[in-house]
Student: 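Quick one: this structure, given as structure tokens, is what I'll be asking you about.
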Amino acid sequence: MATRAGAGAAVAGAAVVAVLSAALMLYGPPLDAVLNQAFPLHTARSVMDMEAALQLVRNVVPPLAAWKHKGQAGRIGVVGGCPEYTGAPYFAAISALKVGADLSHVFTTQDAAPVIKSYSPELIVHPVLDSPSAVQDVEKWLPRLHALVVGPGLGRDDVLLENVKGILEASKTRGIPIVIDADGLWLVAQQPALIQGYQKAVLTPNHVEFSRLAEAVLGDPLDGRDRYRSVQRLSQALGNVTVVQKGEQDVISNGGQALTCSQEGSGRRCGGQGDLLSGSLGVLAHWALLAGPEKTNGSSPLLVAAFGACALTRQCARQAFQKHGRATTAMDMIRELGPAFSRLFETSAGADGGVAPTGELRLPQRGTWEWEGHLGLRGQAGDGTQVGGANTAFMPAHGAGRRVALLREWVWLRERSEEVLWKQVRKVSDEVKAAAGPARPSTQRLTGADLLPGAAPAGSTRAQPWPRGVCSEAAEDGVSHEVTPRAQEPETTVWADVTLLNYCVYGRRNPFSSTSTNTCGAVTVWFKVN
Ligand SMILES: NC(=O)C1=CN([C@@H]2O[C@H](COP(=O)(O)OP(=O)(O)OC[C@H]3O[C@@H](n4cnc5c(N)ncnc54)[C@H](OP(=O)(O)O)[C@@H]3O)[C@@H](O)[C@H]2O)[C@@H](O)CC1
Ligand SMILES: Nc1ncnc2c1ncn2[C@@H]1O[C@H](COP(=O)(O)OP(=O)(O)OP(=O)(O)O)[C@@H](O)[C@H]1O
């Protein structure tokens, strides 16, 4: 697992504010390989471990697509909330939506329901949990739900816990993935048989909840010296349910495999972070099980999902803390879910139509990986000789979404100078021309035929910059293209010391500008981080 410090060391000091797409391998290495490197716990994790595990998560994220209908990306149910705790189920349910579920239901008590509804019109809130017919009321919805999150803000009222017991039994019968957190874990500690052997369950205990479970199930208090072993033992004793022990590092195990997540978070421990995690995990668990071990290279989908949710929560914490410091609350973290998700799990080079995210350049280890990036230019697009001005790219996304992602990619190399970059591009261009003939520029209206399949260097993970035809469709799709105000651009700066390997350029008249001389274009560059 990566430490950001490690990444920071590799990129220290500087200056690329960019959105560059990481052309990572479609499938990462087998999780076993990651796991083998992930322990012992006290060893520092490398960027490669981090990237490998994150890549497995990326593999299970479904593409956004025009042909999909509402609900296909996930319908999640949160069972929890009581008059005292209305925030927790809200945090979990809204997090599920923001991670990408289409619909998020909350099953709560009659008193808590209007309060939770009042927080958000986006949640579907059922005031049923304290009703005598609670189990049947929830059961009616189960066929439509892809995952349940049980416990946030539930409290410990006996009637509610009894109802939740019935809901758990009904959900298990239907094979629904269940994330159990907070007071749901209290219930499990009282009656471990409830989830014994149910391998679609994920438990997400904090320190106290873990100790309680360990005592109940293993008869031991927590062995703080060997968290990995404790988590593994608890998981095994429960029949290989997945356990996520949250803490300074999150330790995840299904009894066989184990993984740690030490993604940089923040020092702020405000309440609600666990709710964000459990709601996010509900969605990721559904996606991962749907994708299956094929997409996780044979490894446990729930382990991968849990890792993804931990990394995401911690990334939200980190981003929120950068903005709000000590004042950070769970809501601030939830607002970061979109950008954090993009940063960790979406790449503009994704073959499945994901719109390019905003975010920082994710740098690989020095000297090891090859990347593809897209550098925008305005001015005379083409052979790269007249560049300057705003550095804006219309970058076609791929696949079904057919949207044009407008990216403002500001690239500074060392001196924060575009000119340095373009000198590099020209230099590489000359080398490429010498070796293989010129890249063919186009300043015409872009059509599929104008796409320049610049030769990817040997071993490139993508054969050509983007699929033929997509650009022309994108240009004609009538989407309105707005320039993102600069102020909204991410301010993250990272240093890239790169060697450019190859590039190709395309350009066309800018259909969104009244100035006839204004062209826009993009260049795909393959480069290596030194
Ligand atoms: N806005 C809302 O509606 C929110 C509602 N929430 C809901 O509240 C309900 C109760 O959940 P809970 O976590 O407060 O109860 P529980 O597990 O009994 O802990 C009690 C005590 O254990 C300790 N302690 C806790 N963590 C620890 C750690 N890592 N390491 C060490 N010690 C630790 C700490 O003890 P202290 O330090 O105070 O002595 C703590 O006070 C539950 O339904 C939840 O969903 C929350 O989601 C937040 C937002
Ligand atoms: N010391 C820490 N350093 C960094 N991240 C942490 C630390 N402790 C917990 N976290 C992260 O915070 C998130 C929530 O964990 P936490 O232990 O706060 O859960 P919780 O007590 O169940 O939360 P809630 O307040 O929602 O009930 C997890 O993603 C975890 O990785």
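The chain is numbered in sequence order, starting from 1. Whatever order the structure lists ligands and atoms in, that order sets their numbers, starting from 1.
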Student: Which is it for K246 and ligand 2 at heavy atoms under 4.0 Å: side chain, backbone, both or neither?
Tutor: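 The answer is the side chain.
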Student: Going by side chain to side chain contact (heavy atoms under 4.5 Å, CB included), T204 matches just one of D250, L277, V149, D275. Which one?
Tutor: L277
Student: Considering only protein heavy atoms, determine whether one is less than 4.0 Å from atom 21 (C) of ligand 1.
Tutor: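 Within 4.0 Å of atom 21 (C) of ligand 1, no protein heavy atoms are found.
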Student: Would you say G272 touches ligand 1, if touching means a heavy atom closer than 4.0 Å?
Tutor: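 So G272 counts as touching ligand 1.
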Student: Given W186, Y85, F210, which has its nearest heavy atom closest to atom 8 (O) of ligand 1?
Tutor: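 Closest candidate by heavy-atom distance is Y85.
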Student: Between E248 and ligand 1, which residue portion shows a heavy-atom distance shorter than 4.0 Å: side chain, backbone, both, or neither?
Tutor: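 Answer for E248: neither.
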Student: If you measure from each heavy atom of G274 to ligand 2, is any distance below 4.0 Å?
Tutor: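 Yes, that is the case, since the closest heavy atom of the residue is under 4.0 Å from the ligand.
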Student: Less than 4.0 Å from atom 11 (O) of ligand 1, is there any heavy atom belonging to the protein?
Tutor: no
Student: Is the contact between A88 and ligand 1 made by the side chain, the backbone, both, or neither, using heavy atoms and a 4.0 Å cut-off?
Tutor: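 Near ligand 1, A88 shows its backbone as well as its side chain.
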Student: Tell me which one of I116, V208, N206, D183 gets a heavy atom nearest to atom 23 (C) of ligand 1.
Tutor: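 That would be V208.
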Student: Identify which of M333, Q315, R269, Q263 has a heavy atom lying nearest to atom 10 (N) of ligand 2.
Tutor: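 Looking at heavy atoms only, R269 sits closest to atom 10 (N) of ligand 2.
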Student: Of the side chain and backbone of R314, name the one, both, or neither that has a heavy atom under 4.0 Å from an atom of ligand 2.
Tutor: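 Under 4.0 Å from ligand 2, R314 contributes side-chain atoms alone.
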Student: Does atom 41 (O) of ligand 1 have a protein heavy-atom neighbour under 4.0 Å away?
Tutor: no
Student: Can you confirm whether some protein heavy atom lies under 4.0 Å from atom 18 (O) of ligand 1, or whether none does?
Tutor: yes
Student: When you measure from atom 30 (N) of ligand 1 to the protein, is at least one non-hydrogen atom found at a distance under 4.0 Å?
Tutor: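 Under 4.0 Å from atom 30 (N) of ligand 1, at least one protein heavy atom found.
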Student: Look at R156 together with D183 and state whether they make a salt bridge at an N to O cut-off of under 4.0 Å.
Tutor: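 Answer for the salt bridge query: yes.
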Student: Just let me know how D275 lines up against ligand 2, side chain, backbone, both or neither, with a heavy-atom cut-off below 4.0 Å.
Tutor: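 It is both backbone and side chain that touch ligand 2.
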Student: Number the atoms of ligand 2 from 1 as they appear, then name those within less than 4.0 Å of a heavy atom of G271, with their elements.
Tutor: 25 (O)
Student: Test of understanding: given a 4.0 Å heavy-atom threshold, classify the contact between D181 and ligand 1 as side chain, backbone, both, or neither.
Tutor: neither
Student: Is the closest heavy-atom distance from G247 to ligand 2 below 4.0 Å?
Tutor: yes
Student: Should the proximity of E209 to ligand 1, defined as any heavy atom under 4.0 Å, be assigned to the side chain, the backbone, both, or neither?
Tutor: side chain
Student: By the definition side-chain hydrogen bond (donor to acceptor under 3.5 Å, both in side chains), identify the one residue from R144, H126, R75 that meets it with H105.
Tutor: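 Exactly one option meets the side-chain hydrogen bond (donor to acceptor under 3.5 Å, both in side chains) with H105, and it is H126.
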Student: For atom 46 (C) of ligand 1, what's the nearest protein heavy atom and its distance?
Tutor: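 So the nearest neighbour among protein heavy atoms is D275 OD2, 3.9 Å.
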Student: Pair T329, D332 - check side chain to side chain donor-acceptor pair (under 3.5 Å), show working.
Tutor: CA-CA 5 Å; T329 64; D332 297 319; 3.3 Å; yes
Student: Identify, for atom 45 (O) of ligand 1, the protein heavy atom at the shortest distance, and state residue, atom and that distance.
Tutor: G153 N, 2.8 Å
Student: Does only the side chain of R269 get under 4.0 Å from ligand 1, or the backbone, or both, or neither? Count heavy atoms.
Tutor: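 The answer is neither; R269 stays 4.0 Å or more away.
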Student: Going by distance alone, is a donor N or O of one side chain under 3.5 Å from an acceptor N or O of the other, for Y228 and T260?
Tutor: no
Student: Would you say atom 36 (P) of ligand 1 touches the protein, meaning some protein heavy atom is under 4.0 Å from it?
Tutor: no
Student: Taking only heavy atoms of L154 into account, list the atoms of ligand 1 that are under 4.0 Å away from them.
Tutor: 43 (O)
Student: Consider only side-chain N and O atoms of S131 and S133, and report whether a donor and an acceptor are under 3.5 Å apart.
Tutor: yes
Student: Is a salt bridge present between E336 and R318, judged by a nitrogen-to-oxygen distance below 4.0 Å?
Tutor: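 Looking at R318 together with E336, the answer is no, because their closest N to O distance does not fall below 4.0 Å.
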Student: When you check the side-chain N and O atoms of Q236 and N240, is any donor under 3.5 Å from an acceptor?
Tutor: no
Student: Assess R156 for proximity to ligand 1: is some non-hydrogen atom of it under 4.0 Å away?
Tutor: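 Yes; R156 lies near enough to ligand 1 that a heavy-atom distance drops under 4.0 Å.
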Student: Of the choices R212, H207, K246, which has the non-hydrogen atom that lies closest to atom 28 (C) of ligand 1?
Tutor: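 Answer by nearest heavy atom: H207.
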Student: Can you confirm whether the side chains of S235 and N254 place a donor and an acceptor under 3.5 Å from each other?
Tutor: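 No - no donor-acceptor pair under 3.5 Å links their side chains.
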Student: Heavy-atom distance from atom 48 (C) of ligand 1 to the protein below 4.0 Å?
Tutor: yes
Student: Give the atoms of ligand 1, by number and element, whose distance to some non-hydrogen atom of P152 is under 4.0 Å.
Tutor: 45 (O)
Student: If the contact criterion is a heavy-atom separation under 4.0 Å, does E84 count as touching ligand 1?
Tutor: no
Student: So if I count the atoms of ligand 1 from 1 in the order they appear, which ones are less than 4.0 Å from some heavy atom of A182?
Tutor: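 Contacts of ligand 1 toward A182, numbered from 1: 42 (C), 44 (C), 45 (O).
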Student: Salt bridge or not for K172 and E169, using N-O below 4.0 Å?
Tutor: yes
